[in-house]
> 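Below you will find the structure I want to go over with you.
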Amino acid sequence: MLRLILRKLGLLIPTFIGVTLTSFFFIRLLPGDPILLLAGERGVSPERYQELMVQFGYDQPIWQQYLTYLGNIFQGDLGTSIVTKQPVLTEFMALFPATIELSVCAIIFAAVVGLPAGILAAVRRGKTLDHTVMTTALVGYSMPIFWWGLLLIILFSGILQWTPVSGRISLMYWIEPVTGFMLIDTLLSDQDGAFWSAVNHLILPTIVLGTIPLAVIARQTRSAMLEVLDEDYVRTARAKGLSTYRIVALHALRNALIPVITVIGLQIGVLFAGAILTETIFSWPGIGKWMVDSIFRRDYPVVQGGLLMIAAIIMLVNLLVDLAYGLVNPKIRHTE
Amino acid sequence: MTDTTQNSAPDTRLEVLKGFWRHFKTNRGAVFGLYFFIVLVFIAVFAPLIAPHGATVQYRDALLVPPVWMDGGSWNHILGTDAVGRDLLSRLIYGSRFSLFIGVVVVSVALVVGICLGLVAGTFRGWIDTVIMRIMDIILSFPSLLLALVLVAILGPSLINAMIAIAIVQQPYYVRLTRAAVISEMSREYVMAARVSGVRTLRLMFVTVLPNCMAPLIVQAALSFSTAILDAAALGFLGMGAQPPTPEWGTMLAEAREFILRAPWVVTFPGVAILTTVLAINLIGDGLRDALDPKLKRS
């Protein structure tokens with residue numbers, strides 16, 4: 001197992017260096033003078049320009065600039081926002097919990113609905129239920145989620161007035177961030193109704209972000225189940241006279257879950273792309289909206305730092321999924 | 001799909017196509033998607049003849065007119081008008097041109113470049129393989145939409161730049177598929193035979209091996225056609241794709257956002273257009289996969 005971890009880590013190092021190179025060259029590839037970009041839109045005097053040139057290290061050769069950049073990254077220095085003057089990492093850490101909260105809820109929603117839907121479709125293969133589930137899943141998979149979010153807002157916030165349009169919690173409440181997760185913080189704060197307000201704000205974004213993973217999970221579960229239901233040990237279980245419920249729940253599902261878990265893990269990149277759109281539609285104060293806003297505000301150090309952090313997190317999660325996969329599936333562990 | 005290309009007289013090629021169509025048409029959803037797509041191509045090609053109004057003509061006396069079946073709607077604007085009085089139906093009809101154009105360009109670019117890189121990586125292996133695949137890994141470690149956004153920030157927001165960005169983001173899938181297929185084909189006997197008989201490497205790559213790697217690539221092309229349309233619409237929606245007043249569906253949605261509660265139809269129809277187009281193409285893609293790739297057919 002240790003060998004496997006080391007091997008996978010070794011594979012990640014060149015990719016990580018590539019990612020740092022990408023974010024390093026991002027600012028240098030932008031049209032316009034990097035110093036003026038970093039200084040913001042006010043413009044600078046020639047003396048100040050020279051100062052900034054030295055301060056940002058642009059007077060040094062490019063490879064030295066890259067090494068400095070790399071060194072800064074490992075000390076947790078991802079640069080400073082032009083707009084807020086805050087360190088990028090501080091901002092990232094403050095906003096990240098909001099994105100995690102939304103993504104975790106979305107994945108739970110997707111799994112809770114998608115797994116049973118896929119299992120039912122597989123068990124009732126070829127029947128009306130199967131067709132209905134699979135058609136719905138394909139519609140979900142084809143959904144432009146930014147439009148889906150607007151539709152849900154029209155229906156639930158506009159016509160029915162059940163849910164709020166944007167934000168994480170009603171403005172009536174002021175919640176001191178302790179963990180950064182609104183659901184936990186509201187419970188800790190003892191304010192009446194705050195928790196339900198937070199839940200209410202979460203519902204639509206969760207559905208919107210969870211839609212595509214839900215469709216993927218349902219499709220994947222169905223095909224994994226169909227494969228397993230054909231296996232000899234399932235036939236044996238059936239011949240022994242076990243009930244369909246026991247066969248599906250105990251024998252087949254356990255083996256069908258392995259590919260499904262991988263798919264859930266691999267959805268993280270998709271989830272992040274979805275978070276960009278979902279957070280923009282619902283004004284959800286997370287990483288996705290932060291990145292889009294920063295691109296529009298030309299706050300390039302934030303874009304640069306955010307890009308690096310997001311890629312690093314995705315690489316890390318993919319590594320963990322890989323390792324977890326090896327853990328649950330001995331076949332892989334031994335062949336590697 | 002084994003050695004058919006080696007002795008491909010015209011009639012056997014026709015046989016292959018016939019066999020493919022027999023498989024394909026058993027999938028009713030796929031056939032429906034194909035018909036829908038053909039109609040869409042027809043609409044896109046003949047847009048100026050079909051559309052009742054121009055795409056950017058503003059009717060100042062008809063702002064936010066609702067669709068014909070709602071109170072206050074008129075047959076003059078069947079799907080209503082937007083905030084500056086442009087006919088929605090006409091804009092949607094012209095918009096189909098952009099979506100199909102985006103799909104065709106992105107898929108062609110990604111396919112051609114991806115096949116070349118994948119062939120090189122799979123044929124020569126060694127350090128060049130490592131370099132190409134690591135670069136693809138790097139592209140894949142960013143969320144596709146974010147990378148596209150950043151690329152557009154570098155290149156400047158426009159439809160062309162959005163298409164370039166999306167093509168770059170989709171590249172790795174083609175490279176990986178081609179490389180995997182090439183590696184598995186390289187160990188086959190017909191490749192050995194071709195080598196022994198002195199076929200040059202370039203001919204071996206493109207003429208001998210490539211045709212036998214096409215099945216997964218065709219399926220991927222169909223699926224990434226729909227992803228390209230979705231991503232371009234998302235970029236347009238975020239203001240980083242086609243710029244107003246282009247009647248691109250995502251851009252139309254972005255312009256309509258502030259009227260979401262007052263005039264829901266300006267938001268509804270462009271989304272329906274995106275959804276049905278993407279759905280039709282995904283149906284075709286599923287059908288192609290079932291017909292071309294017997295290994296995946298199982299269900």
Side-chain angles (χ1 to χ4, degrees), chain A residues 11-12 14-19 21-23 26 29-31 122 125 134-135 138-139 141-148 150-151 153-154 157-159 165 222-223 226-227 230 268-277 280-281 288 291-292 295-296 298 300 303 306-307 310-312 314-315 318, chain B residues 29 33 130-131 134-157 169 226 229-231 233-234 236-240 249-250 253-254 256-257 260-262 264 267-268 270-283 286 296 298-299:
Chain A
L11 271 176
L12 275 189
T15 317
F16 183 74
I17 291 175
V19 167
L21 275 171
T22 313
S23 70
F26 160 69
L29 284 175
L30 284 165
R125 174 186 194 174
M134 282 303 102
T135 311
L138 196 66
V139 172
Y141 183 69
S142 311
M143 187 66 83
I145 62 167
F146 43 98
W147 176 69
W148 179 224
L150 295 179
L151 271 197
I153 290 178
I154 293 179
S157 310
I159 298 172
V165 179
R222 177 177 176 273
S223 65
L226 285 179
E227 204 153 300
D230 271 351
I268 178 158
V270 179
L271 213 57
F272 233 113
I276 293 172
L277 293 166
T280 307
I281 298 168
M291 290 297 281
V292 172
I295 288 175
F296 275 102
R298 301 178 182 280
Y300 293 120
V303 180
L307 206 56
I310 291 169
I314 290 183
M315 284 166 64
N318 284 341
Chain B
T130 312
V131 170
R134 285 293 87 73
I135 292 175
M136 295 305 130
D137 282 354
I138 294 166
I139 296 178
L140 281 175
S141 46
F142 296 101
S144 58
L145 187 62
L146 181 63
L147 191 58
L149 265 175
V150 168
L151 287 171
V152 173
I154 294 174
L155 301 168
V169 169
S226 60
I229 292 178
L230 271 183
D231 281 356
F237 179 74
L238 291 172
M240 288 300 220
W249 294 336
L253 270 177
R257 250 186 94 181
I260 168 172
L261 294 179
R262 252 174 70 205
V267 176
T268 313
V272 172
I274 302 173
L275 174 61
T276 47
T277 307
V278 172
L279 185 59
I281 298 166
N282 280 340
L283 280 169
D286 274 9
L296 291 168
R298 212 62 75 82
S299 50

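Per chain, numbering begins at 1; letters A, B, ... match sequence-line order.
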> Contact part of Phe16(A) toward chain B, heavy-atom cut-off under 4.5 Å: side chain, backbone, both or neither?
neither
> Kindly give the heavy-atom pair with the smallest separation between Leu275(B) and Met143(A), and that separation in Å.
CD1-CA, 3.9 Å
> When rounded to the nearest 0.5 angstrom, what is the spacing between CG in Leu21(A) and CD1 in Ile138(B)?
7.5 Å
> Given heavy-atom pairs under 4.5 angstrom as the criterion, report whether the side chain, backbone, both or neither of Val139(A) touches chain B.
both
> In terms of heavy-atom pairs under 4.5 Å, which option from Val292(A), Ile153(A), Leu138(A) contacts chain B the most?
Leu138(A)
> Do the side chains of Asp286(B) and Tyr141(A) get nearer than 4.5 Å, heavy atoms only?
no
> Less than 4.5 Å to any heavy atom of chain B: does that hold for the side chain of Thr22(A), its backbone, both, or neither?
side chain
> With a 4.5 angstrom heavy-atom cut-off, is it the side chain or the backbone of Ile314(A) that approaches chain B, or both, or neither?
side chain
> What part of Val303(A) is in contact with chain B, defined as an atom under 4.5 angstrom from a non-hydrogen atom: side chain, backbone, both or neither?
side chain
> What part of Leu307(A) is in contact with chain B, defined as an atom under 4.5 angstrom from a non-hydrogen atom: side chain, backbone, both or neither?
both
> Name the region of Leu261(B), side chain, backbone, both or neither, that has any atom closer than 4.5 Å to a heavy atom of chain A.
side chain
> Distance from Leu150(A) atom CG to Ile260(B) atom CD1, nearest 0.5 Å?
4.5 Å
> Taking side chain as everything from C-beta outward and backbone as N, CA, C, O, which of these in Leu271(A) sits under 4.5 Å from a heavy atom of chain B? Side chain, backbone, both or neither.
neither
> With chain A, which of Thr277(B), Ile139(B), Leu253(B) has the greatest number of heavy-atom pairs at distances under 4.5 Å?
Leu253(B)
> Looking at CD1 of Ile145(A) and CZ of Phe237(B), how far apart are the two atoms once the value is rounded to the nearest 0.5 Å?
10.0 Å
> Can you say whether Ile276(A) sits under 4.5 Å from chain B via the side chain, the backbone, both, or neither, judging by heavy atoms?
side chain
> Pick from Gly250(B), Pro264(B), Ala234(B), Ser226(B): which one has the most heavy-atom pairs with chain A under 4.5 Å?
Ala234(B)
> Any heavy-atom pair between the side chains of Leu11(A) and Arg134(B) that's under 4.5 Å?
yes
> Check each atom of Met291(A) against the heavy atoms of chain B and say whether the ones under 4.5 Å are side chain, backbone, both or neither.
side chain
> Under 4.5 Å, counting heavy-atom pairs only, tell me which of Leu29(A), Ile17(A), Leu277(A) racks up the most with chain B.
Leu277(A)
> Is Val272(B) in contact with chain A via its backbone, its side chain, both, or neither, using a 4.5 Å heavy-atom distance?
both
> Shortest non-hydrogen contact from Ala273(A) to Pro143(B)?
N-CB, 4.0 Å
> Is Ile229(B) in contact with chain A via its backbone, its side chain, both, or neither, using a 4.5 Å heavy-atom distance?
neither
> Select, from Phe146(A), Phe272(A), Phe26(A), the one with the greatest count of heavy-atom pairs under 4.5 Å involving chain B.
Phe146(A)
> For Pro144(A) and Gly271(B), which heavy atoms make the closest approach, and how far apart are they?
CG-O, 4.2 Å
> Please give me the minimum heavy-atom distance between Ala153(B) and Ile295(A), naming the atom from each residue.
CB-CG2, 4.0 Å
> Taking every non-hydrogen pair under 4.5 Å, which of Val152(B), Thr130(B), Val267(B), Asp137(B) racks up the most with chain A?
Val267(B)
> Could you give the distance from OG (Ser142(A)) to CG (Leu230(B)), rounded to the nearest 0.5 Å?
7.5 Å
> Counting C-beta onward and ignoring hydrogens, is there a side-chain heavy-atom pair between Phe142(B) and Ile310(A) closer than 4.5 Å?
no
> Which atom names give the shortest non-hydrogen contact between Ser141(B) and Val19(A), and what distance separates them?
OG-CG2, 3.4 Å
